[in-house]
Amino acid sequence: RAQTELIADLLAEYDEFQRYAARMADCSGVLLFGWDTQPETGESALRLKQSRFCRIRHCSTCAWRRTLAMTARFLEALPGLMRDHPKARWVLLTLTVPNCPIEDLADTLKAMNAGWQRLKDRKEFKPVQGWARSTEVTQEAKRTGYAHPHFHCLLMVPPSMLGGVNYVKHARWVELWRDCMRLDVNPVVDVRVVKGDVTGAAAEVLKTFGYSVKPEQAVDDPEWFMEMIRQVHRKRFFAAGGVLRESFVEPETDEELIQGDEPAEGLDDGSRLAFTWTPTQRRYKRAPKADKGPSA
């Protein structure tokens, strides 16, 4: 929440971002927690039950809650996916393009989305059973005013793509992405087979979705950050398809963002404990006056 406050203060210095700044300043200002009690054991756990979020992509608080919510949804769907596709394997694919001036970021992202559509139409991609793709934008370290946009992808594939008739070598992935992006140089492409638990790999992909741009970049170079916001306005940073389409759905409401916590299985008496954000101390404090009693 302190990072959200920091970004909101930066946005407030620009007239065109006043509305963003105001929404982020009010984001998650009050948190209402409730007790979930297990009737069998009497054990209780305190869980977030209510809050209001700004849902702005560049808000650190909403990014974190979004990641939690999407991870929870995927974990809920995973047993069914594994039951229906017991032999499925998982691949992490990172696709890059040459870095661009920050003023050209919107056009570059448009070209990348078009390139992705071409990639999906290639015969090498056809065996892919499901995919989830997030966009991340980082700042180039060497040149001022440049951006490094790239895709992080999680692919659910049949075993034949890793060592069979549908096997795609790393060099072929590079060639495919170069051709689909219509580049005259080989882009950097990273392909890694997920070994062990897929939940960790999914969490890494979803983490990049939540933080489409790292908060510290706003502090290090405010002008770059503001131009980045202009360039990505109304751009989608996440997509999913195939059998993963319903497993990766971006949360849109306060209730969905709250549901990112572990599911409540106990009894809720309706009482709420309030915590309010204090900007001067940059932390949450108990607010007993805002508490709510048990439901009738």
Side-chain angles (χ1 to χ4, degrees), residues 70-71 73-74 77-78 80-100 105-138 148-209 212 235-250:
M70 293 187 70
T71 301
R73 187 182 182 98
F74 174 69
L78 187 58
L81 290 170
M82 299 308 294
R83 182 184 63 250
D84 296 338
H85 307 275
K87 296 183 179 181
R89 301 291 301 277
W90 301 83
V91 173
L92 288 174
L93 177 67
T94 303
L95 303 171
T96 75
V97 297
N99 293 350
C100 64
L105 178 59
D107 290 339
T108 301
L109 292 174
K110 182 178 180 180
M112 291 176 68
N113 286 326
W116 175 261
Q117 293 301 320
R118 297 186 195 103
L119 180 64
K120 289 196 302 174
D121 291 336
R122 292 298 187 97
K123 66 177 183 179
E124 289 87 348
F125 198 92
K126 292 300 182 182
V128 173
Q129 297 163 315
W131 56 270
R133 190 206 75 205
S134 69
T135 303
E136 184 179 19
V137 179
T138 57
H148 173 53
H150 48 285
F151 288 153
H152 293 280
C153 314
L154 178 66
L155 310 181
M156 181 178 171
V157 304
S160 61
M161 285 195 70
L162 305 182
V165 295
N166 297 312
Y167 179 54
V168 183
K169 296 182 179 180
H170 175 266
R172 182 54 180 158
W173 279 113
V174 174
E175 184 180 11
L176 284 169
W177 184 236
R178 182 195 65 203
D179 293 347
C180 289
M181 282 301 302
R182 298 171 179 170
L183 300 172
D184 54 8
V185 297
N186 284 338
V188 175
V189 174
D190 187 71
V191 186
R192 303 184 186 187
V193 178
V194 175
K195 298 180 180 179
D197 191 359
V198 69
T199 58
E204 288 302 309
V205 172
L206 289 169
K207 192 181 299 181
T208 64
F209 160 68
S212 53
K235 293 287 189 298
R236 288 189 62 191
F237 268 55
F238 190 83
V243 298
L244 297 184
R245 181 184 299 276
E246 301 301 323
S247 302
F248 289 95
V249 179
E250 184 174 357

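Because only heavy atoms are used, hydrogens play no part in the values below, and waters and symmetry mates are left out as well, while side chains stay in.
Leu92 is listed as a side-chain neighbour of Leu154, based on a closest heavy-atom distance under 4.5 Å. Side-chain contact between Thr135 and Leu109 is present, with at least one heavy-atom pair separated by less than 4.5 Å. Side-chain contact between Val91 and Met156: absent, with no pair of heavy atoms (C-beta onward) separated by less than 4.5 Å. Taking the side chain as every heavy atom from C-beta outward, Pro187 and Leu95 never approach each other to under 4.5 Å. Taking 4.5 Å as the limit, some side-chain heavy atom of Arg118 sits within range of a side-chain heavy atom of Arg182. Val97 places none of its side-chain heavy atoms less than 4.5 Å from the side chain of Phe151.
Nearest heavy atom pair, residue Arg133 against residue Cys153, reads CG-SG, 3.5 Å. Of all the heavy atoms in Leu244 and Trp131, the pair that sits closest is CD1-N, 3.6 Å. Nearest heavy-atom pair across Val185 and Arg178 is O-CG, 3.3 Å. Closest approach of Asn166 to Ser160, counting heavy atoms only: ND2-OG, 2.9 Å. The shortest heavy-atom contact between Val157 and Gln129 is C-OE1, 3.4 Å. Residues Met70 and Val249 share a closest heavy-atom pair of CG-O, 3.7 Å.
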Practice problem: Report the C-alpha distance between Arg236 and Asn113 in whole Å, list the side-chain angles of each, state the deciding distance to 0.1 Å, and finish with yes or no for side-chain contact (heavy atoms from CB on, under 4.5 Å). | Solution: CA-CA 10 Å; Arg236 288 189 62 191; Asn113 286 326; over 6 Å; no
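Ring pair Phe238/Phe248 is tilted by interplanar angle, where 30° to 60° counts as tilted. Using the six-membered ring where Trp is involved, His152 and His150 have ring planes that are perpendicular, over 60° apart on the 30 and 60° scheme.
Rounding to the nearest 0.5 angstrom, the gap separating the NE2 atom in His148 from the OG1 atom in Thr138 is 4.5 Å. A distance of 12.5 Å separates CZ in Arg89 from NZ in Lys87, rounded to the nearest 0.5 Å. Once rounded to the nearest 0.5 Å, the distance linking CG of Asn99 with CG of Leu105 reads 10.5 Å.
When the shell of 6.0 Å around CZ of Arg73 is examined, it contains more than 12 heavy atoms from other residues, nucleotides or ligands. Arg245 CZ: 12 or fewer foreign heavy atoms inside a 6.0 Å radius. By the neighbour-count criterion of 12 heavy atoms within 6.0 Å, atom CZ of Arg172 is densely surrounded, having more than that number from other residues, nucleotides or ligands.
The only member of Asn186, Leu93, Val189, Thr96 that meets side-chain contact (heavy atoms from CB on, under 4.5 Å) when paired with Trp177 is Val189.
Side-chain contact check for Asp190 and Thr94: no donor-acceptor pair (N or O, by modelled atom type) lies under 3.5 Å.
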